[in-house]
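Reading through the structure tokens given below for one structure.
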Amino acid sequence: MDIPAYSPQELEPAVQKRWQEQQSFRAASVPGKEKFYALAMFPYPSGQLHMGHVRNYSIADAIARYQRMRGKDVLQPMGWDAFGLPAENAALKNGLAPAEWTMDNIAHMRGQLQRLGLSYDWSRELATCTPNYYRWEQWLFLKLWEKGLVYQKLSTVNWDPVDQTVLANEQVVDGCGWRSGAPVERREIVQYFLRITAYAEELLEGLDTLNEGWPEQVLTMQRNWIGRSEGAEIHFPLASGEGVIKVFTTRPDTLMGATYLAVAPEHPLALQAAEQNPDLAEFLERCRHGSVSEASIETQEKEGHPLGLFVKHPLTGAELPVWTANFVLMGYGEGAVMSVPAHDQRDFEFARKYKLPIQIVIAAESAPLEAAAMTEAYTGAGTLLHSGDFNGLDSVQAKTRITEAVAERGLGRKTINYRLRDWGISRQRYWGTPIPMIHCEHCGVVPVPEQDLPVVLPTHYQLKDPRSPLLDDPEFLNVPCPRCGAPARRETDTMDTFVESSWYYARFACPDADTMLDERAAQWLPVDQYVGGVEHAVLHLLYARFFNRLLRDVGLLPADAVHDEPFKQLLTQGMVLKDGSKMSKSKGNTVDPQGLIDRYGADTARLFILFAAPPEQHLEWSDAAVEGAHRFLNRIWRLVHEYGAENLLVPAELSDEAKDLRRAVHQCIERVSRNMEGRYHFNVAIAAIMELSNSLMKVGADAPTDLRAVLGEGLRAMVLMLSPFAPHMTEILWEVLGQKSNIIHTPWPSADPEALKSDTLTLVIQVNGKLRERMDFPVAADNKAIEKAVLASPAMQRHLEGKTVRKVIVVPGRLVNLVLG
RNA sequence: GCCGGGAUGGCGGAACUGGUAGACGCGCCGGACUCAAAAUCCGGUGGUGGUGACAUCGUGUCGGUUCGAGUCCGACUCUCGGUACCA
């Protein structure tokens, strides 16, 4: 027999050319056909495709191809998240302009993606660094400014005193700038913020509608991130002079146990107090060093300093000292906390360190507490004591009563606080979307008029240092004020790149629209299946959910329940690891997918990466296992060619052997189909196909006709089920089997319930929970008959000898457990 | 620090809702084909004891619930992701 060699290097490009010529993956809304929008998170064009990309896109493509075979009208687009820090770093290192570097990378990576044979509608490709894309972001920014959803406020950044630039948290290593090595300082600068907190409640409630389609862990992380907490705002009047310090607490029941207040080092009162207090000034100066990241603040040694200032307790009028502490965050709540050392662990440790009083006001359920003997705070609920009028109340009642008491004095109220903070979108960087604002000496901050959009980012600079070249470019900087016409200065800050990735999924529906979105967005949205890394579980996915609502509220998306959430189903894939850790250039443990594709072809690469682990788990890289995937494809290639286009009709009457094989075929269809939806465990689906191929391979060329006919049925099903994973090879094999339809749109096989039926089944017989025997029973046998047969069977006698049968448990279709004593 | 995951043979992993632990693949061992090798095909493969049918231990650690626990509950260890300016 003459079987052509399996040569993916020739076969795959030929099939890809065919797809391109036939525009096989072009999405055009077909009336009456159910739509399916499959989307993988678009890549940052770093230069080379890495294994994480291959995995991400193989998963999404398998889903897209499966849904196409299910008869859906599938949209699967691809684009580039093209603004960002690495382009500037590369520009500094190689002297290439960020735009040039980015565009070169896109061209290279597009070629790599095409070589993988992913079923994208390339006509919708977009890159976020093109004015055509980011102009709409500027447009939206202006709309939100009008609505008051964008505002300016001071916020703290990492400042590199040597490079004279703002540093990303990632660029701060052990408290020092990564390039200069200089200790990082904190600076407060005016930035633009998006009022995401106005949507906190809606974003939280929306999570309940995602229970079906999103992983529980992502929902939990988002809930915790939003961090809704009910409590009270309490005002502590300053002992001398005017004003109050406002604090938020979730434990108003412990108010009578507050022994001091702590404010953030950036708090105005701390700064004011430091003017007359050199010790304090020195402390605040020390607090001004180190990264602003939450992780570094929370893990640092907790330190504080008294302000020499006192407040009055809102209920007792007692004077409490005010401290400043390095762990109090200016950005959370009011930048001040009331401290109840007896009932809060952090306050307890702080109080012990600085010898501040500890006042017990909640009785623990077990032993009575004693301040001097405590080794940790009692943070549970309980009955109030040492609390005047409130003694004897439980924590729940006390929360209400104390909040009411404070409110009656005009010194507080019940309130809801969120951990979520407004989204600071200003970046003091060059390679990003220019913020469309103008600074005028007379008029202040003035928005760029809509007709002047886009504010185009100049791309001709050679970067010499990390400082944004926009700051030194008079052509960019100098503009007349749109309001008064006087010479004014353009805003040089650009937007956080998360802004671009917060709406691209919608733009893909209408990439050529001459508005931000048109009616096609509503047709395609929501995304039916979104696929991407867990690392985006909170930030990107929360911002995109927020943007979806902004788009709705400016009238670009319909205000109905269907469109509230952008991503109906979410699959968070695990990372690709090598030797137990993330593949990265710095660790030198990367495996270049290009080499893999060159050597084995795209089908092998895709099959391996889906077979090696379920999508949501980490994937440990293995060269050896790739060989295995390739060998499997080779076997399939030969198996199908050996059979060819024989195409016999499966007769109604089958021999037992043929019946068994047919059952195996249809069990496989059932198993694979189940794993193509829901959990998307492609590794199990592929294993089932491998098992089937092992059975099919045992059928010889001289086998009886009925068996050969079932073999043909099995091969056709197998090739169809393999096509979402190995689309190039199966396209050819479908023809080898004599099939005329286009495999891309051929219906997915369905399991025949008749074929699945079996006459007998094997039950496991356990004694005291341990496997002892196996016995076959007719499918129809009832529990009583099974129990009787087991106890009477000769094989069981040695287990029963000298024992009493205490209990017999029959699990239908599974096992029998004899409890003997 | 805080929030969320993960841990099963030599390796990647399987085990639907508490019911046969180790499917499938890799690796390894043995065999067939070959002058030989590669490729391919066939068989074996968790540990310990036994010639053997079999027995016994075994899913990160310790404890619990249950006729029965990889799966449920409690405590812990290690590890990974996020932590708001990496994307």
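Of the side-chain N and O atoms in A/Arg772, one or more sit less than 4.0 angstrom from OP1 or OP2 of B/rU56. Between A/Arg679 and the phosphate of B/rA14, there is no side-chain N or O to OP1/OP2 separation shorter than 4.0 Å.
For A/His681, whose side chain is taken as the heavy atoms from C-beta onward, the closest listed nucleotide among B/rG4, B/rA87, B/rA14 is B/rA14. Side-chain proximity of A/Val811 to the nucleotides B/rC85, B/rG1, B/rG19 is greatest for B/rG19.
Spacing between B/rC80 and B/rG31 at atom P, rounded to whole Å, works out to 44 Å. Taking the P atom of each, B/rG52 and B/rG46 are spaced 15 Å apart, rounded to whole Å. If you take atom P in B/rU51 and the same atom in B/rG44, they sit 22 Å apart, rounded to whole Å.
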How does each nucleotide of nucleotides 20-27 of chain B score, in 5' to 3' order, for protein heavy atoms under 4.0 Å: base (B), sugar-phosphate only (S), or none (-)? B--BBSSS
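RNA chain B is contacted by both A/Glu216 and A/Thr497; A/Glu216 maps to the nucleotide lying nearer its 5′ end (nearest heavy atom per residue). Sequence order on RNA chain B of the closest nucleotides to A/Arg429 and A/Leu818 puts A/Leu818 first from the 5' end.
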Dot-bracket encoding of pairs in RNA chain B, which uses [ ] for pseudoknotted crossings and | for another strand, Watson-Crick or G-U under 3.5 angstrom: (((((((..(((......[....)))((((((.......))))))((((....))))..(((((..]....))))))))))))....
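Across A/Gly290 and A/Arg186, no two heavy atoms sit closer than the pair O-NE, 3.2 Å.
No cation-pi contact links A/Lys302 to A/Phe350, judged by a cut-off of 6.0 Å to the six-membered ring centre and 45° from its axis.
For the side-chain contact (heavy atoms from CB on, under 4.5 Å) criterion with A/Ile196, the lone passing option out of A/Tyr418, A/Phe546, A/Phe547 is A/Phe546.
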